[in-house]
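For reference, the structure is listed below as structure tokens.
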Amino acid sequence: MSVLFVTRKAILRPALRWAPPRLLHHLPKPPRPPTRWPPSYTPLGFLKQYEPSVPPTLRSFHTTPPTKSPIIPLPYFLALLKSGKVFSIISFSSKGALTFLPHSILKNYSRRTKFLISIPITGVLLLIVIGLDCAPNTGRWRLIYLSEDEERDKVTSEVSQLLTSQFGLVVPKDHELTRWAQRIIDNLSVAAQDDIRSPAREYTPEDCDTARPYELNILCDASTLNAVCYGQTILLYDLMIQFMDYDEPMIAAILAHEISHSIQRHFVEQHGFASLLFMLADIGRGILWSVTEVLGPYVNEKFNDMISAYITLETQNTYNRKLEKEADLVGLMIMAKAGYDPEAAVRVWERMAMLEEEVGKDASRAGVVALGEVEERHPAYVSKSPNHTHHYVATRALATAAAVSDSQRISRSYTDPEPADDTDSNLTAASLVESLLTVWFGGTHPPNVERVSYMREHLDEARQVYRESLRLNGTPRSYLIDLQKVEQQEETRTGVGRERGSRRQGEEQTWLGWALGWWSREVPGVEVGARA
């Protein structure tokens with residue numbers, strides 16, 4: 001074979017020199033000599049020296065036992081970075097890079113300029129990846145930059161400051177009114193453990209033990225119509241309870257709304273959205289600094305104030321309305337799963353819409369108007385409500401102050417016909433700017449008429465859940481409040497029963513007891529009456 005190959009090669013070599021190029025591809029290619037493997041290096045030869053004890057298909061790839069490497073999965077690693085400290089480090093590094101960026105551009109340091117530009121861009125991308133979070137109950141994507149421990153510390157600090165400033169207004173924990181509202185919160189917290197998209201189920205005593213605890217504080221200030229939730233602390237003003245006529249399903253709708261804010265972590269979400277916008281604004285100012293530097297410090301300061309005001313309004317108004325709507329719908333399903341009629345939520349916002357229409361643009365009058373409506377609807381019932389004497393005195397004092405202010409303003413308008421000064425013009429300009437911003441950004445909460453509309457759109461689904469919950473769990477547990485005991489507790493706490501000589505003397509004693517009566521712990525015990 002080798003002789004023929006050499007002979008063919010010797011004959012064809014001269015001919016190939018003079019052959020035209022187009023004929024070369026027709027010539028057959030010489031065969032490739034076969035590869036000769038040594039016996040000891042055949043592809044499967046090394047397997048002959050091993051006698052497998054198990055079939056080859058079950059043999060492990062490693063000849064030695066595999067070692068476990070401490071690799072943290074990427075989602076858990078990103079969860080560890082979801083912290084306010086990490087956000088502060090990235091924000092500080094981005095601002096530092098943007099500080100040196102104009103100098104690097106002026107000096108034509110191309111490599112350093114690219115490096116400085118890459119720092120804030122990488123920081124923003126990293127913050128978006130780290131902060132992405134899926135909201136419970138809705139599956140909506142959002143940005144979260146505070147851990148639960150940091151949220152708890154911040155909320156605890158704010159709640160302690162607020163309760164300190166409201167000293168003397170907090171109803172004791174063993175008060176009838178507090179126990180009644182706390183029982184509603186406990187019923188709602190059991191249903192709030194489940195996703196609102198899951199069907200209703202039967203709740204066991206173990207579910208009651210594992211439910212998230214919420215602390216309730218009822219404040220008596222005679223003029224605030226509101227309820228607020230800070231983390232796991234709920235602040236409920238007594239005027240809101242009176243305005244809802246002590247109706248348990250309506251109060252459950254309000255408390256379910258506040259619990260929804262806590263479950264959805266709307267406070268942290270709003271903080272994260274504002275933080276990212278402020279960081280993007282800082283990056284924009286750093287990039288444009290080489291252009292805006294010639295405008296001077298005054299113009300740059302006003303420009304920064306405008307950006308900050310825009311971010312604040314965008315966060316507290318436009319973005320907050322979306323969070324309020326989500327809390328309304330989540331709370332509607334929570335109260336339905338807890339066994340409360342969801343129709344009560346519609347009645348709540350219908351009543352608030354009527355009050356909003358009566359008050360108009362002056363939202364500061366909502367408390368006084370609401371208290372007046374309560375007194376007109378139930379005069380005898382309100383007289384036995386908690387701290388009603390304080391309500392009477394405070395409301396009359398506010399009305400008197402408003403009347404004095406109006407009379408002084410009217411007298412000045414008749415006795416002093418001179419044109420308005422600069423202060424009045426500034427107030428007019430400020431009110432004009434405020435009205436324009438309200439039109440552009442809207443209010444902090446959706447209009448109550450709009451709330452009634454989208455509540456009714458989801459009412460049929462909530463009714464089905466409500467009927468199923470009643471079939472599985474029955475009616476929710478309720479605390480039997482006794483207004484006579486409430487009146488007795490209030491007289492003991494404020495000292496009204498000890499001084500009834502004259503109305504004015506009684507009112508002064510009420511104010512004194514209202515301010516200092518919380519030091520006394522001599523509150524008579526109450527009996528708890530629960531029904532299934």
Has [X] got a side-chain atom pairing as donor or acceptor with [Y]'s backbone, closer than 3.5 angstrom?
X: Q193; Y: V190; value: yes
X: N473; Y: Y203; value: yes
X: S165; Y: L162; value: yes
X: S469; Y: V465; value: no
X: S157; Y: D153; value: no
X: T178; Y: D174; value: no

Any chance you could lay out the side chain to side chain contact (heavy atoms under 4.5 Å, CB included) test for I184 and Y479, step after step, and finish with the verdict? CA-CA 8 Å; I184 301 175; Y479 185 88; over 6 Å; no
How close do [X] and [Y] get, heavy atom to heavy atom, and via which atoms?
X: P446; Y: R321; answer: CG-O, 3.8 Å
X: Q182; Y: Y214; answer: NE2-O, 3.1 Å
X: I334; Y: S260; answer: CD1-OG, 3.8 Å

Taking NZ in K85 as the centre, count heavy atoms belonging to other residues, nucleotides or ligands within less than 6.0 Å. Is the count above 12? no
Please check if the number of heavy atoms outside E461 that lie under 6.0 Å from its CD is greater than 12. no
Regarding [X] and [Y], is there a side-chain donor-to-acceptor distance under 3.5 Å anywhere?
X: S198; Y: K337; result: yes
X: T204; Y: D207; result: yes
X: Q264; Y: N137; result: yes

Could you point out which residue of E457, E324, E350, E356 forms a salt bridge (Lys or Arg N to Asp or Glu O under 4.0 Å) with R451? E324
From the list Y145, F92, F278, ring pair (Phe, Tyr, Trp, His ring centres under 6.0 Å) with F87 holds only for Y145
Ion pair present between D245 and R351, side-chain N to carboxylate O less than 4.0 angstrom? yes
What verdict does the side chain to side chain contact (heavy atoms under 4.5 Å, CB included) test give for V170 and L163, after you've listed the backbone C-alpha separation in whole Å, the side-chain angles of each residue and the deciding distance to 0.1 Å? CA-CA 8 Å; V170 183; L163 294 180; 4.1 Å; yes
Give the table of side-chain donor-acceptor pairs shorter than 3.5 Å for residues 342-349, with sequence neighbours excluded, one pair per line with atom names and distance.
| unit_1 | atom_1 | unit_2 | atom_2 | d |
| --- | --- | --- | --- | --- |
| E343 | OE1 | R463 | NH2 | 2.6 |

Give me the ring orientation class for H266 and H261: parallel if the planes are under 30° apart, tilted from 30 to 60°, perpendicular past 60°. perpendicular
